[in-house]
Amino acid sequence: MILFVIFQRAPILLIVLLAVIVWLAIIEVRGQQEMPLLQKVWWVLFVLLTNFVGLIILRIYTYEKRRRAGSAD
């Protein structure tokens, strides 16, 4: 996203891939019932700005959160 803003151009394929990554992030945070709405919006915006790396960080965060919740029960 940041490179798109700097160069003010982006190939259609990269825009479509960014939309898919953001869609995957929305699906990921939608499943988190205990996460507040502001935190969900923050994660989606984080993925929008950092692209694939942000999605990987989000997946690791949600995995660890689920794992801790499962071991607490």
Side-chain angles (χ1 to χ4, degrees):
M1 179 70 178
I2 293 171
L3 290 176
F4 297 162
V5 173
I6 291 172
F7 294 117
Q8 296 182 356
R9 298 177 28 176
I12 296 297
L13 179 63
L14 290 180
I15 293 172
V16 170
L17 288 174
L18 179 61
V20 168
I21 289 173
V22 170
W23 178 69
L24 289 173
I26 290 170
I27 289 174
E28 184 72 29
V29 297
R30 212 172 75 190
Q32 301 294 320
Q33 301 300 332
E34 67 281 349
M35 190 182 291
L37 179 63
L38 186 60
Q39 190 175 6
K40 290 179 183 181
V41 171
W42 186 89
W43 273 110
V44 171
L45 291 175
F46 179 74
V47 170
L48 179 69
L49 289 174
T50 58
N51 303 326
F52 186 71
V53 174
L55 184 64
I56 297 299
I57 293 169
L58 171 63
R59 297 288 302 210
I60 292 169
Y61 172 77
T62 56
Y63 171 77
E64 287 296 321
K65 195 169 184 177
R66 280 189 208 125
R67 195 179 68 143
R68 284 191 210 125
S71 66
D73 291 339

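Start at 1 with the first residue, then count along the sequence.
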Applying the side-chain contact (heavy atoms from CB on, under 4.5 Å) test to L58, which of I56, T62, I60 qualifies? T62
Under 6.0 Å from the CG atom of L38, do we count more than 12 heavy atoms belonging to anything else shown? no
What pairs with Q33 under side chain to side chain donor-acceptor pair (under 3.5 Å), at least two apart in sequence or on another chain? none
Sequence neighbours excluded - ring pair (Phe, Tyr, Trp, His ring centres under 6.0 Å) pairs with any residue from residues 16-59: W42-F46, W43-F46, W43-Y61
Less than 4.5 Å apart, any side-chain heavy atom of L14 and any of L18? no
Quick check: do Q39 and Q32 have side-chain heavy atoms less than 4.5 Å from each other? no
Which pair of heavy atoms, one from V47 and one from L55, lies closest together, and at what distance? CG2-N, 3.8 Å
Which pairs, with at least one residue in residues 51-63 and sequence neighbours excluded, count as a salt bridge (Lys or Arg N to Asp or Glu O under 4.0 Å)? E28-R59
Under the side-chain contact (heavy atoms from CB on, under 4.5 Å) rule, what do V53 and I57 come out as? Steps first, then yes or no, please. CA-CA 6 Å; V53 174; I57 293 169; 4.0 Å; yes
Is there a path of hydrophobic side-chain contacts, each under 4.5 Å between heavy atoms of I/L/V/M/F/W/Y residues, joining V22 to L24? yes
Can Y63 be reached from M35 by stepping across I, L, V, M, F, W or Y side chains whose heavy atoms are under 4.5 Å apart? no
